[in-house]
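In what follows, every chain begins at residue 1, and chains take the letters A, B, ... in the order their sequences are listed. Values below: all heavy atoms of this structure, side chains included; hydrogens, waters and symmetry mates excluded.
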Number of protein chains: 4
Amino acid sequence: MPRVSVEAERKEQILSAACEVIAEIGFKSLRIADVAKRARTSTGTVHYYFDTKRDLMHAAFEWNFSRSVDRRRELLDAAEPPSVRLRRFIDSYLPSDDETITAWNVWAELWIEALHDPDLQELNEQVYGEWRRMVAAIVRDGQDAGEFREGDAVVFANALIGMVDGLSLQVLMGSRAMTVERMRAVCDQVLTQFLS
Amino acid sequence: MPRVSVEAERKEQILSAACEVIAEIGFKSLRIADVAKRARTSTGTVHYYFDTKRDLMHAAFEWNFSRSVDRRRELLDAAEPPSVRLRRFIDSYLPSDDETITAWNVWAELWIEALHDPDLQELNEQVYGEWRRMVAAIVRDGQDAGEFREGDAVVFANALIGMVDGLSLQVLMGSRAMTVERMRAVCDQVLTQFLS
Amino acid sequence: MPRVSVEAERKEQILSAACEVIAEIGFKSLRIADVAKRARTSTGTVHYYFDTKRDLMHAAFEWNFSRSVDRRRELLDAAEPPSVRLRRFIDSYLPSDDETITAWNVWAELWIEALHDPDLQELNEQVYGEWRRMVAAIVRDGQDAGEFREGDAVVFANALIGMVDGLSLQVLMGSRAMTVERMRAVCDQVLTQFLS
Amino acid sequence: MPRVSVEAERKEQILSAACEVIAEIGFKSLRIADVAKRARTSTGTVHYYFDTKRDLMHAAFEWNFSRSVDRRRELLDAAEPPSVRLRRFIDSYLPSDDETITAWNVWAELWIEALHDPDLQELNEQVYGEWRRMVAAIVRDGQDAGEFREGDAVVFANALIGMVDGLSLQVLMGSRAMTVERMRAVCDQVLTQFLS
DNA sequence: TATGAATGAGTCTTCATTCAT
DNA sequence: CATGAATGAAGACTCATTCAT
């Protein structure tokens, strides 16, 4: 009886390492050897699981996204009022803890890669579709509950998501003018002022 | 009698070429030879003016920014009501024409580089400081004129800028769900709904 | 089960090739590609074993020296009278056979590199220290045996070594006035006249 | 009436600069631009006077030698006993003052170049011929005057010159075991012990 | 005469990828 | 399954040399 997926485990190990390395030194500087070392294995093994560097990177981007969604699923399904769920959801994306920061870094690297890579654009499209649907659903819930003001929920979701992306970038860049605290304040004010 | 600034002219030529190449194929893929060819010169000449690839890239990023500001200065100084100036200003950043799209692409590449480069972080800091001041100034003008609702102008500027950055990225990535038109609509609604 | 020191073998192969190339075309003209070709391998492989050209050169210089010493160890330990051992030792340094000529050429190149490289100066210092000790030891043996005239053995060793170095250079340069035969004659006369 | 040889002056200036640069950073590292800067002129001008880098280097080597001879001519012609003239001559070659050290450095670089350059070998041949004749002449004078012991003067000259070359190299390399003082002591002892 | 901007051939070095073990 | 030695294509950077002024 073979252990279920030694392969799957090893792949995860490599993908996790890849994301860490991307976040640390950037996609451009990443070498297969860096990932191998981080995953405590060899370049040969990395290539055993991923034919090319490109394959590895795409898999890493997808893995980064699916983990990000997994980590938030409970937040969305919670039995809280929409206003609270929205705040919690947005709050969970603030680049404050290491895990979230790493995920954001990887995500930012994906954006720039996607500018010249249709496959990654497609991944982005799906991911953002999902994100928009999630936010818009909460917004509609809130509007139905009379918590949020009226208006096109999708437009609102887009505005909110765009803002979070843009501000997160500034935080990631270590901006002194846009720290996590500032970002939290901006998000708070926007949610307070315009959603209630 | 040397012509005044053969040097300056040639540098511009190279920097312009560098930005075009960055926008087209990305920072990561850019080779000095590409820039040289685009500038109709040789790699030797590029290195004659810029010691290292890094120097060239930094100079290109700065050049990209200063051109971006130059192109908008008149918008800010126009004798229009603040609400119009703000709309025009935001509108000028929509990635619709080639020049603006190129500038955004370069800027996006800078972000990702800046994640691992303190010098570029500093450039980003200055640029965003300037941008925030410009937007916040219009917002305050509008508040003084009674056109905009009250509230912290800086927070508002940050929210607006963040949103524009985030949405632009999606547009640049060729998102079918976030085209320039959609982005324009989102910006319009946000400005209409919250500034009036 | 990795063969014992594929690495060591391969390194030797490369170092040997490097010394040959240095001797043939000179340190200044040496290209990694030359060494690779001589070692019947690729530039990539050379760099796999030696990070930089400098590392390779330093290693080659050390290898050249240690081989030189190995080749002479038996001479020094021979059970001959000191006068014979000294003559044989000096004689073994005459640039007459290909192996010795190659070693001298490499050594000469090291001298010039060492003029501007403290690490190589240190190597030279150790090597000459060893050489001086060896010669001085024979000289003292000879003095104890009454074969050599009295006097400071170290001073004498230095004079002898200096002379051999200087004359060898002339021979290496293909001087018509200082051939190996002439050099041998000069050494003979000095040894005869002053050691007996 | 044109000034006599602006050209000659400028050439000297460049050759002097070339020698200084060779001595400082070595033949291998020398760039035309370094020489130009040292001579307070431009690379274009250097090439105006010397077609190729090789031409410049050869000229510099010759210039270095002729200056070296000029500086010692009076020593040789002095009306002193041969033993004094020989000591003074040898002494003048000790790498103690900056000028002599520079000259030695250049000379050492020439040796290594000559290993792979017949033209420089020829220059070396002439120079050493001259040097040998000078030393041998003093030796013969000394023998005639009964100051020096009998023996082949040329062999003796060769031994002496070889020793000076070899020891100078060690001094130039900054050997802690062979400083100028040590070298002077060795030379003294050799001259004393064997010439008197 | 003198300059220095421009060139491009030449070389080190990097690194994804392969493959024998 | 896993390894890591070996490869070679690719690219940044250097610098002697040229030439218009």
Side-chain angles (χ1 to χ4, degrees), chain A residues 2-3 6-7 9-10 14 29-37 39-57, chain B residues 1-3 6-7 9-11 14 29-36 39-57, chain C residues 1-3 5-7 9-11 14 29-36 39-56, chain D residues 2 6-7 10 14 29-37 39-57:
Chain A
R3 276 155 299 158
V6 184
E7 285 213 7
E9 250 179 55
R10 185 55 62 100
I14 292 170
S29 308
L30 174 149
R31 290 168 302 149
I32 295 288
D34 296 326
V35 177
K37 178 181 270 188
R40 297 181 171 281
T41 181
S42 63
T43 62
T45 300
V46 172
H47 268 96
Y48 179 80
Y49 286 100
F50 301 93
D51 278 357
T52 67
K53 185 180 182 180
R54 191 169 184 275
D55 287 352
L56 171 60
M57 293 297 96
Chain B
M1 191 178 62
R3 275 158 298 158
V6 185
E7 192 169 309
E9 253 178 56
R10 187 52 60 102
K11 270 193 163 181
I14 293 170
S29 310
L30 175 150
R31 289 167 303 143
I32 295 286
D34 297 326
V35 177
R40 298 181 171 281
T41 181
S42 63
T43 61
T45 299
V46 173
H47 270 100
Y48 183 79
Y49 286 99
F50 300 93
D51 278 354
T52 66
K53 185 179 179 180
R54 190 172 184 274
D55 286 352
L56 172 59
M57 292 298 95
Chain C
M1 191 179 59
R3 274 158 299 158
S5 65
V6 186
E7 191 169 311
E9 251 179 55
R10 187 53 61 101
K11 269 193 165 182
I14 293 169
S29 310
L30 174 149
R31 289 168 304 142
I32 295 286
D34 297 326
V35 177
R40 296 181 172 282
T41 181
S42 63
T43 60
T45 300
V46 173
H47 270 100
Y48 183 79
Y49 286 99
F50 301 93
D51 277 357
T52 66
K53 185 178 179 180
R54 190 170 184 274
D55 287 351
L56 172 60
Chain D
V6 185
E7 285 214 6
R10 184 55 63 100
I14 293 171
S29 309
L30 174 148
R31 290 169 302 150
I32 296 287
D34 296 326
V35 177
K37 179 181 269 188
R40 297 180 172 282
T41 180
S42 63
T43 61
T45 301
V46 173
H47 268 97
Y48 179 80
Y49 286 100
F50 301 93
D51 277 357
T52 67
K53 184 179 180 179
R54 191 170 183 275
D55 287 352
L56 171 60
M57 292 298 96

Where [X] and [Y] come nearest, the two heavy atoms and their spacing:
X	Y	value
Tyr49(C)	Arg10(C)	CE1-CG, 3.3 Å
Ala36(A)	Ser42(A)	CB-C, 3.5 Å
Ala33(A)	Thr43(A)	CA-CG2, 3.7 Å
Ile14(B)	Val35(B)	O-CG1, 3.8 Å

Measuring only between side-chain heavy atoms, which start at C-beta, is Thr52(B) closer than 4.5 Å to Met57(B)?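 In short, these two side chains do not touch, never coming nearer than 4.5 Å.
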[X] [atom1] to [N] [atom2], straight-line distance once rounded to whole Å:
X	N	atom1	atom2	result
Ile14(A)	dT3(F)	CD1	C1'	13 Å
Leu56(A)	dC15(E)	CG	C1'	14 Å
Glu7(B)	dA5(E)	CD	P	6 Å
Lys37(D)	dC15(F)	NZ	P	13 Å
Asp55(D)	dA16(F)	CG	C1'	12 Å
Lys53(B)	dT13(E)	NZ	P	18 Å

For DNA chain F, the residues among residues 29-36 of chain A that have a non-hydrogen atom under 4.0 Å from it: none
Taking only N and O in the side chain of Arg10(D), is any of them less than 4.0 Å away from OP1 or OP2 of dA2(E)?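 Answer is yes, contact under 4.0 Å.
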Please list, chain by chain and in numerical order, all residues satisfying salt bridge (Lys or Arg N to Asp or Glu O under 4.0 Å) with Arg31(C), sequence neighbours excluded. Asp34(C)
Those residues at least two apart in sequence (or on a different chain) that pass side chain to side chain donor-acceptor pair (under 3.5 Å) with Ser29(B) are none
List the residues meeting side chain to side chain donor-acceptor pair (under 3.5 Å) with Thr41(A), not counting sequence neighbours, and say none if there are none.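 If we apply the side chain to side chain donor-acceptor pair (under 3.5 Å) test to Thr41(A), skipping adjacent residues, the hits are Thr45(A).
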Taken to the nearest 0.5 Å, the spacing of Glu7(D) CD from Tyr48(D) OH works out to 5.5 Å
Listed partners of Lys37(D) passing side-chain contact (heavy atoms from CB on, under 4.5 Å), at least two apart: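 Lys37(D) satisfies side-chain contact (heavy atoms from CB on, under 4.5 Å) with no other residue.
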Just to be sure I understand the geometry, which residues of residues 42-50 of chain B put a non-hydrogen atom under 4.0 Å away from DNA chain E?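 DNA chain E contact set from residues 42-50 of chain B: Ser42(B), Gly44(B), Thr45(B), Tyr48(B), Tyr49(B).
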If you write DNA chain F from 5' to 3' in dot-bracket form, with Watson-Crick or G-U pairs under 3.5 Å, [ ] for crossing pairs and | for pairs with another strand, what do you get? .||||||||||||||||||||
For residues 48-57 of chain A, which residue pairs qualify under salt bridge (charged side-chain N to carboxylate O under 4.0 Å, His left out), counting only residues two or more places apart or in two chains?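 Residue pairs with at least one partner in residues 48-57 of chain A: Arg54(A)-Asp117(A), Arg54(A)-Asp119(A).
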